[in-house]
Amino acid sequence: MEQLLRNLPDSEHGPIIGVTIIAGGRQQGTEPQDGERVPYELVESGEKVYITATIPTETRSAPYVDIQPAQVRLVMDEQVTAVDLPVPIDVQHSFYQVRHGVIDVICHKKPVDSAPAVI
């Protein structure tokens, strides 16, 4: 990967600020739908669900994320993009960060209860 990045011509690409590589997992993305204006990418790995979205340049107020057990809402100005999660998540241990025009959401999956159900 380092060699690939070193060999990219500077004149054709902007500077690369950061790269995240997630091995394995399931990936899906979306284009904006009615009422949504932020495309995002969702990647599910063994213990986490990652959501990445680019903040539109015309955004006036600080973006934030509302993390719920089954859905994450990306809020930018008055626009809300709802991301339905493929699995339940542990809200208390999930978080997001905003850097360099990108929102990264890291959701920890809820642990599977290994105790047998009592009937």
Side-chain angles (χ1 to χ4, degrees):
M1 182 61 134
E2 290 176 5
Q3 182 181 7
L4 174 70
L5 294 174
R6 269 191 300 246
N7 292 331
L8 287 175
D10 289 332
S11 62
E12 293 181 26
H13 305 283
I16 296 174
I17 296 173
V19 175
T20 301
I21 298 173
I22 301 167
R26 182 172 64 97
Q27 178 178 351
Q28 68 186 47
T30 183
E31 290 301 317
Q33 304 296 318
D34 292 337
E36 298 178 345
R37 69 173 210 200
V38 180
Y40 65 86
E41 182 176 77
L42 182 145
V43 176
E44 179 183 353
S45 70
E47 296 178 5
K48 298 178 185 166
V49 175
Y50 302 91
I51 301 167
T52 302
T54 302
I55 301 167
T57 56
E58 68 273 5
T59 302
R60 296 178 313 276
S61 60
Y64 68 93
V65 177
D66 177 24
I67 301 173
Q68 298 299 318
Q71 186 181 73
V72 169
R73 295 170 9 125
L74 309 171
V75 182
M76 297 178 206
D77 294 334
E78 292 82 36
Q79 296 294 321
V80 177
T81 300
V83 179
D84 293 325
L85 299 169
V87 294
I89 61 157
D90 180 355
V91 175
Q92 185 176 0
H93 293 100
S94 299
F95 63 95
Y96 73 95
Q97 56 190 1
V98 178
R99 291 187 311 190
H100 307 293
V102 174
I103 292 180
D104 285 312
V105 185
I106 295 103
C107 301
H108 291 262
K109 292 181 180 180
K110 269 196 170 173
V112 177
D113 188 10
S114 59
V118 178
I119 300 178

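All of these numbers come straight from a predicted model, not from anything done at the bench.
- Scored by the side chain to side chain contact (heavy atoms under 4.5 Å, CB included) test, Lys109 finds Glu44, Val49, Val87 as partners (sequence neighbours excluded).
- Under the rule for a side chain to side chain contact (heavy atoms under 4.5 Å, CB included), the partners of Val98 that lie at least two apart in sequence or sit in another chain are Ile55, Pro63, Tyr96, Ile103.
- Side chains of Thr59 and Asp77: no donor on one and acceptor on the other come within 3.5 Å.
- In this structure, Pro39 and Thr81 have side chains that are not in contact, with every pair of non-hydrogen atoms separated by 4.5 Å or more.
- Thr54 is linked by a side chain to side chain donor-acceptor pair (under 3.5 Å) to nothing, counting only residues two or more places apart in sequence or in another chain.
- With sequence neighbours excluded, the residues satisfying side chain to side chain donor-acceptor pair (under 3.5 Å) with Glu78 are Arg60.
- For the residue pair Asp104/Gln97, the side-chain donor-acceptor check at 3.5 Å is not satisfied.
- Scanning all heavy atoms of the two residues, the minimum distance from Gln68 to Val91 falls at C-CG2, 3.6 Å.
- Within the 4.5 Å cutoff, the side chain of Val80 has no heavy atoms near those of the Leu74 side chain.
- Residues Thr52 and Val102 form a side-chain contact, since some pair of their non-hydrogen atoms from C-beta on lies under 4.5 Å apart.
- When all heavy atoms are compared, the tightest approach of Pro69 to Leu85 is O-CD1, 4.0 Å.
- Take His93 and apply the side chain to side chain donor-acceptor pair (under 3.5 Å) test, not counting sequence neighbours, and it matches Asp90.
- For Glu47, there are no side chain to side chain contact (heavy atoms under 4.5 Å, CB included) partners at least two apart in sequence or on another chain.
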Problem set entry | Worked verdict on Ile106 versus Ser94 for side chain to side chain contact (heavy atoms under 4.5 Å, CB included) | CA-CA 6 Å; Ile106 295 103; Ser94 299; over 6 Å; no

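- In this structure, Val83 and Tyr40 have side chains that are in contact, with non-hydrogen atoms separated by less than 4.5 Å.
- Side-chain contact check for Met76 versus Pro56: some heavy-atom pair is nearer than 4.5 Å.
- Summarising the geometry, atom CZ belonging to Arg73 is positioned 12.0 Å from atom CD1 belonging to Ile67; distances are rounded to the nearest 0.5 Å.
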